[in-house]
Structure formats: C-alpha cells, structure tokens
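What follows is a single structure, written as structure tokens, with notes after it.
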Amino acid sequence: MSEPATTTQLVEESVVQFAEHLAADSAAPGGGSAAALAGVLAASLTGMVGRLTTGRAKFAEVDATMRAIATQADAQRAALLTLVDADAAAFEEVMAAFRWPRASAEQKAARSTAIQAAYKGAIAVPLQTLTAAVDLLRLLVIVTEIGNPNAITDGGVGALLAEAAAQGAALNVRVNLSALQDADLVAATAAQVDELLAQAAQLRGQALTQVMQRLSA
C-alpha cells in the first residue's frame, strides 16, 4: 500500500523514475505497488514463453494451449498494471479519511466509518494482486512443463516473481487487516490469504522443479 508521489500514473513512468520514487524518503510508492509490478513482470514472462513456443512445428501439439496461455497472461498483465496505481490510490483514500474533521461526536463517528471503509478498500487491492499472482502461477506450471525449453528459465523467473507478488500483496493485506474492527471479516480474509499463499508456494515449487528437471534432461 503506497501513496502516489505525483498525479502521473506510476505505470507511465520510466523504470528509472519508478525506482527513484521507491527509493525516496516518502510513503509513495511502496510495497503494494511494487508487489503488483512484480506480478506484471511475471505475466510478461509468461506471455513471452507462450509466444516463443507457438508457431513452431516442433511444438505443434501444444500450440493451442500456449496461445491461450499467452492471451490469459496478457489479460493478467493489464489487470496488474491497473493495480500498481490502484494500490497508491487506496492508500490516499486511507490518508484522506484520517483528515476528516473530528470536533464533534458526529464528526468523530463519520470519520471512524470513513476510515474503516478506506481500510477495506486498501485490503481489496492487494487481495486482487495476490489472487492474480496465484492465477499466474497456475499458468506458469503449464508453461514450465510444456513450453519452449530454450525459454524455460524465463518461466522459472516468472514463477519466482509471481510468488514474490503474492507474498508482498499478502503483507499489505495483513497490515491493513490489523486496523479493521470487523472481527469476522478479519478472520475470513486472513484465512483466504493463508490459503492463497499455500497455493502460491505449492505452484511455485512445482514450476521450479519442472524447470530444473528440464534443464538437466
């Protein structure tokens, strides 16, 4: 979760500019946007291996599958790109809620309601990143099994980046859960995060095992 440094969309910045903003002594951009960007890179690598496999006679049997995966990876990349900035916007909503007036009892109650609503939004964004990362890992398990062996390590890097996105997003969900007053929602969301992370670890392990097996074949 992070606050935007400028009105310019983060995804429109150069890599150098984005890295400089991450390194700056400010809350923006932060780990949530970085996690989403790791997912973007994972999706890009997934699509890359897909395209390096299709249109080649020796991979004809998996051509349709890999074309479909490349298309799905493109959709995930587009979604994750929006989450880079959405995470920043969600942080700003939280900060804006804390700036609400609190001179009277009514204002304090309204402010508290706004803060809780903003935190729910700040949870929803990294939860989307986490879910997208797990979906990518499912694709990467297939990619590392049947994709072009000359690009197999790219699939492995994609799996590592996808799990990093999942882990980073989970941290941002958890830090915001600590501010929620709805105990039932906290428990349900925490359980969802745990399940998704378990899936991410299993899928990443499967993908990397396949990479190493194909490298040694």
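Residue indices begin at 1 and follow the sequence shown.
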Legend entry - Side chain to side chain, Y119 and L177, heavy atoms closer than 4.5 Å: no
Inset, instruction - Report the distance from atom CG of L45 to atom OG1 of T153, rounding to the nearest 0.5 Å. - result: 9.5 Å
Inset, instruction - For Q202, enumerate each residue passing the side chain to side chain contact (heavy atoms under 4.5 Å, CB included) test, keeping only those at least two apart in sequence or located in another chain. - result: Q206
Inset, instruction - Report the distance from atom CE of M66 to atom CD1 of I142, rounding to the nearest 0.5 Å. - result: 8.5 Å
Inset, instruction - State, yes or no, whether a side-chain contact exists between W100 and K108 at a heavy-atom distance under 4.5 Å. - result: no
Inset, instruction - Would you confirm whether S178, through its side chain, and V175, through its main-chain N or O, come within 3.5 Å as a donor-acceptor pair? - result: yes
Inset, instruction - Provide the closest heavy-atom pair for V193 versus A170 in the form atom of the first, atom of the second, distance. - result: CG1-CB, 3.7 Å
Inset, instruction - Mark yes or no for whether Q116, through its side chain, and T113, through its backbone, hold a donor-acceptor pair below 3.5 Å. - result: no
Legend entry - T46 side, atom OG1; I69 side, atom CD1 - distance, nearest 0.5 Å: 8.5 Å
Legend entry - Full working for side chain to side chain contact (heavy atoms under 4.5 Å, CB included) between I123 and L180: CA-CA 10 Å; I123 288 166; L180 284 190; 3.4 Å; yes
Legend entry - For the student: nearest non-hydrogen atoms of L139 and A73, plus distance: CD1-N, 4.1 Å
Legend entry - Flag side-chain contact, heavy atom, 4.5 Å: I146 against F59: no
Legend entry - Where at least one partner belongs to residues 39-52, residue pairs that pass salt bridge (charged side-chain N to carboxylate O under 4.0 Å, His left out), sequence neighbours excluded: R51-D74
Inset, instruction - Would you check, one step at a time, whether the test side chain to side chain contact (heavy atoms under 4.5 Å, CB included) holds for S112 with R102? - result: CA-CA 9 Å; S112 178; R102 48 181 170 173; over 6 Å; no
Inset, instruction - Not counting sequence neighbours, which residues clear salt bridge (charged side-chain N to carboxylate O under 4.0 Å, His left out) with R174? List them please. - result: D194
Legend entry - Residues forming a side chain to side chain donor-acceptor pair (under 3.5 Å) with Q76, sequence neighbours excluded: none
Legend entry - Those residues that, when tested against L52, pass side chain to side chain contact (heavy atoms under 4.5 Å, CB included) (two or more places apart): M48, R56, N148, A151
Legend entry - Summary of side chain to side chain donor-acceptor pair (under 3.5 Å) pairs that have at least one residue in residues 127-137, sequence neighbours excluded: D135-R138
Inset, instruction - Please name all residues satisfying side chain to side chain donor-acceptor pair (under 3.5 Å) with T53, sequence neighbours left out, ordered by chain then number. - result: none
Inset, instruction - Of all the heavy-atom pairs spanning R77 and S44, show the shortest one and how long it is. - result: CD-OG, 3.0 Å
Legend entry - Nearest non-hydrogen partners of A166 and A200, listed with the distance: CB-CB, 4.1 Å
Inset, instruction - Could you grab the distance from atom CG of L208 to atom CD of Q213, nearest 0.5 Å is fine? - result: 11.0 Å
Legend entry - Separation of L83 CG from L130 CG (nearest 0.5 Å): 11.5 Å
Inset, instruction - Write down the atom of A165, the atom of G39, and the distance for their closest heavy-atom approach. - result: CB-N, 3.6 Å
Inset, instruction - Please name the pair of heavy atoms, one in I152 and one in V211, separated by the smallest distance, quoted to 0.1 Å. - result: O-CG2, 3.6 Å
Legend entry - Residues in side chain to side chain contact (heavy atoms under 4.5 Å, CB included) contact with Q167, at least two apart in sequence or another chain: E163, L197
Inset, instruction - State the CG-CG distance between L41 and L136, to the nearest 0.5 angstrom. - result: 11.0 Å
Inset, instruction - Check whether any side-chain heavy atom of V94 sits under 4.5 Å from a side-chain heavy atom of I115, and report yes or no. - result: no
Legend entry - Any donor-acceptor pair under 3.5 Å from Q210 side chain to A207 backbone: no
Inset, instruction - Would you check if S33 and D85 make a side-chain contact, meaning some heavy-atom pair closer than 4.5 Å? - result: no
Inset, instruction - Answer yes when R99 and E92 have at least one side-chain N-carboxylate O distance shorter than 4.0 Å, and no when they do not. - result: yes
Distance-only donor-acceptor hits, side chain of residues 154-162, under 3.5 Å, sequence neighbours excluded:
none

Inset, instruction - Measure the shortest side-chain to side-chain distance between L203 and L140 over non-hydrogen atoms and say whether it is less than 4.5 angstrom. - result: no
Legend entry - All salt bridge (charged side-chain N to carboxylate O under 4.0 Å, His left out) counterparts of R67, not counting sequence neighbours: D63
Legend entry - Verdict with reasoning, T144 to V49, per side chain to side chain contact (heavy atoms under 4.5 Å, CB included): CA-CA 9 Å; T144 54; V49 181; over 6 Å; no
Inset, instruction - Go through the structure and list residues passing side chain to side chain donor-acceptor pair (under 3.5 Å) with R214, not counting sequence neighbours. - result: none
Legend entry - hydrophobic_cluster_shared for V186 and L196, side chain cutoff 4.5 Å: yes
Legend entry - Partner set under side chain to side chain contact (heavy atoms under 4.5 Å, CB included) for E195, not counting sequence neighbours: Q199
